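Everything quoted here is computed from the prediction, not taken from an experiment.
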Amino acid sequence: MKKLILILIILLFGTTTFAQTMAGRKILTLDECLEISRKNNPDIQLTESKMAAAEARLMNGFGNYLPSLNLYSSFSRKLNVEGASNISVGGQTITLPGETPNSFNVQASLSWVIFDGFNREGTYSGAKNRLKAEELNTEQTIFRTEYLVKSKFFEVVRNMKIVNTREKDLNASRKQLEMIRAQYEVGTVPVTNVYTQETEISNKELNVINAQRNFETSRAELLILLNINPESDIDFDESSVPAMISNEEVDEYRKDIGGLNSCINTGLKNRLDLTSLDYSQLAADDGISTAKSSYYPTLNASGSWNSSGTEMNQIPDNGRAYLGLSLSVPIFNNFRTNYLIENAKLQYAEVETQKIKLEKEVMSSIKSAYISLEASEKQLEIANKALKSSEMNFESISERFKVGASNITDYVLANTTYLNAQLNLTNSVYNYLLSKIALQYFMGLE
């Protein structure tokens, strides 16, 4: 008996400590969690970096249409300069000037590709399609991250409500134990009723601790998902998630989404990652066109101006300008063009295969989510009925137990049934919500 009392004190202290740690934490709503995930998620940051690189690729593709301009200048000075010298010719002395040590040179050149076998057209078009694909990938990554945050948030709230339900039941059982002890002291019930209730309380305290552990685990997982230290004093606002689902809400949502085929068609139409692959396919097709450009000749125009002198003021007077055209006709390049074309075709086939696989995955995911939604609807309906019946049964047996018309076994059984019904309803509500947001995600809907 002393051991049992010691266990009860320890468990009671653990429960009290948990309640104290819940106090004083910062409370985050679901919307706040979603906003934090958009800022902190490393996957989103990576896709944004990829999009920035795609924008630079597009700018480079546009730059291929523009002429290139280069400016070159140089200065040199000879160190071992020979000075002026005198020579005698026919008795006459002639002075020869010495070398000028400085040398200046300035050159400007401009070149412009007039035609390159449609290479720059394919490059620019491919860059536009890749940028659009990366934009859609970024949106899809944000969408997926928000779905994961919502799912984990719902799980946290569910575990929080389970803790509250079990704690409430535990407190009610403790009050019931006080009543049974009072009845035992006046001799209206046997001591076995006290022992039975004490055992029942011990089991419930263990269940509370397990529920608290599940809650803290899911809470830590959500904080990690938000890229926040799991030791942070942060809690989550359960009012951000509906506690009950009415039959009208269930029926209205079912009308909105339609049947399974309608959901699949919606998913194939709305999924951003599928649309992204469409643009990736276009970019791969542009890659084939770019590879074929090596079969065509290339025509370039060029112009330059250069000047040199031993003094800076000589540069403008010594300048010379040039204009030119160059035509390059490929005759044989060691089968490199054929290799580039086949490699580009392979990339196109890989993207096409990815799209086929993703379409099948989307259809399979939607079907599974749809089946889960149907099952959760039935569970929700059954759980509501079971709760009403078990509540009425528990109230009836409780009244009978108070006046001695029912035994402790019947009371404990009715209480357990009622508690399980409450927990089943909580699980059913959140199973429905999780199935709903999963179906929404797989269909590509907010």
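- The backbone N or O of Ala386 sits less than 3.5 Å from a side-chain atom of Ser390, completing a donor-acceptor pair.
- Relative ring orientation between Tyr124 and Tyr65 is described as perpendicular, the plane-to-plane angle rising above 60° on a 0-90° scale split at 30° and 60°.
- With rounding to the nearest 0.5 Å, the separation of CG in Leu445 from NZ in Lys269 is 10.5 Å.
- Between the side chain of Asn420 and the main chain of Thr416, a donor-acceptor pair closer than 3.5 Å is present.
- More than 12 heavy atoms of other residues, nucleotides or ligands sit less than 6.0 Å from atom CZ of Phe332.
- Listed for the Asn300 side chain is no donor-acceptor partner under 3.5 Å among the backbone atoms of Ser326.
- Using a 4.0 Å cut-off between charged side-chain N and carboxylate O, Arg219 and Glu216 make a salt bridge.
- When side chains are defined from C-beta on, Lys50 does not count as touching Arg130, because their heavy atoms never get closer than 4.5 Å.
- Checked for salt-bridge contact, Lys152 and Glu155 meet the test: a charged N lies under 4.0 Å from a carboxylate O.
- Within the cation-pi definition used here (under 6.0 Å to the ring centroid, within 45° of the axis), Arg158 does not qualify as a partner of Phe215.
- Residues Asp237 and Phe153 approach most closely at O-CZ, 3.4 Å, considering heavy atoms.
- When side chains are defined from C-beta on, Tyr295 counts as touching Ile341, because their heavy atoms get closer than 4.5 Å.
- Minimum heavy-atom separation, Asn105 to Ser308: OD1-CB, 3.6 Å.
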Next item on the list: Quick one: do Asn64 and Asn119 satisfy side-chain hydrogen bond (donor to acceptor under 3.5 Å, both in side chains)? Show the steps, please.
Entry: CA-CA 9 Å; Asn64 291 333; Asn119 176 71; over 6 Å; no
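- A donor-acceptor contact shorter than 3.5 Å is absent between the side chain of Arg336 and the backbone of Ser294.
- Evaluation of the ring-ring contact (aromatic ring centres under 6.0 Å, His included) rule for Phe154 yields no partner, not counting sequence neighbours.
- Salt-bridge formation is not detected for the pair Glu374/Lys378: no Lys NZ or Arg NE/NH1/NH2 atom is positioned less than 4.0 Å from an Asp or Glu carboxylate oxygen.
- Taking 4.5 Å as the limit, every side-chain heavy atom of Leu136 sits out of range of all side-chain heavy atoms of Gln140.
- Atom CD of Glu134 is separated from atom CG of Asn129 by 12.0 Å, given to the nearest 0.5 angstrom.
- Judged by distance alone, the side chain of Asn60 and the main-chain N or O of Ala56 form no donor-acceptor pair under 3.5 Å.
- A 4.5 Å side-chain heavy-atom check between Ile36 and Ile228 finds at least one atom pair inside the cut-off.
- Looking at Ser125, its side chain never comes within 3.5 Å of a backbone N or O of Glu121 through a donor-acceptor pair.
- No donor-acceptor contact under 3.5 angstrom links the side chains of Thr29 and Asp31, judged on distance only.
- Under a cut-off of 6.0 angstrom, the local environment of CZ in Phe143 is crowded, with over 12 non-hydrogen atoms contributed by other residues, nucleotides or ligands.
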Check: What do the steps show when you test Lys204 against Ser173 for side-chain hydrogen bond (donor to acceptor under 3.5 Å, both in side chains), and what is the final call?
Finding: CA-CA 9 Å; Lys204 291 183 177 183; Ser173 295; 2.6 Å; yes
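- Of the possible polar contacts, one joining the Ser307 side chain to the Ile315 backbone as a donor-acceptor pair under 3.5 Å is found.
- Formation of a donor-acceptor pair under 3.5 Å by the Ser37 side chain with backbone atoms of Leu34 is found in this model.
- Residues Tyr430 and Val241 have side chains in contact (heavy-atom distance under 4.5 Å, counting atoms from C-beta outward).
- Taking OH of Tyr279 as the reference point, atom CG of Asp285 lies at 14.5 Å (rounded to 0.5 Å).
- Between Ile27 and Phe236, every side-chain heavy-atom pair lies at or beyond the 4.5 Å cut-off.
- Annotation: side chain of Asn41 is not in contact with side chain of Asn227 (no heavy-atom distance under 4.5 Å).
- The line from CG of Asp278 to NZ of Lys132 is 12.0 Å long, rounded to the nearest 0.5 Å.
- The minimum heavy-atom distance between Thr47 and Thr138, with the atom names listed, is O-OG1, 3.4 Å.
- Without hydrogens or angle criteria, Asp286 side chain to Gly126 main chain gives a donor-acceptor distance under 3.5 Å.
- Once rounded to the nearest 0.5 Å, the distance linking CD of Gln422 with CG of Leu387 reads 6.0 Å.
- Heavy-atom minimum distance, Ser218 versus Asn159: OG-ND2, 3.0 Å.
- Minimum interatomic distance between Val351 and Leu277 (heavy atoms only, all atoms of both residues): CG1-O, 3.6 Å.
- Using bins of under 30°, 30° to 60° and over 60° for the plane-to-plane angle, the ring pair Tyr441/Tyr147 lands in the parallel bin.
- By the 4.5 Å heavy-atom criterion applied to side chains, Leu131 and Arg57 are not counted as neighbours.
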Next item on the list: Evaluate side-chain hydrogen bond (donor to acceptor under 3.5 Å, both in side chains) for Asn137 paired with Ser276, printing each intermediate quantity in order.
Entry: CA-CA 6 Å; Asn137 281 334; Ser276 173; 3.0 Å; yes
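- Between Asp273 and Arg271 the shortest heavy-atom distance is OD2-NH2, 2.8 Å.
- One finds a salt bridge joining Glu146 and Arg38 here, because a Lys/Arg side-chain nitrogen approaches an Asp/Glu carboxylate oxygen to under 4.0 Å.
- Of the possible polar contacts, none joining the Ser293 side chain to the Ser289 backbone as a donor-acceptor pair under 3.5 Å is found.
- For the atom pair Leu323 CG and Trp305 CH2, the distance stands at 14.5 Å (nearest 0.5 Å).
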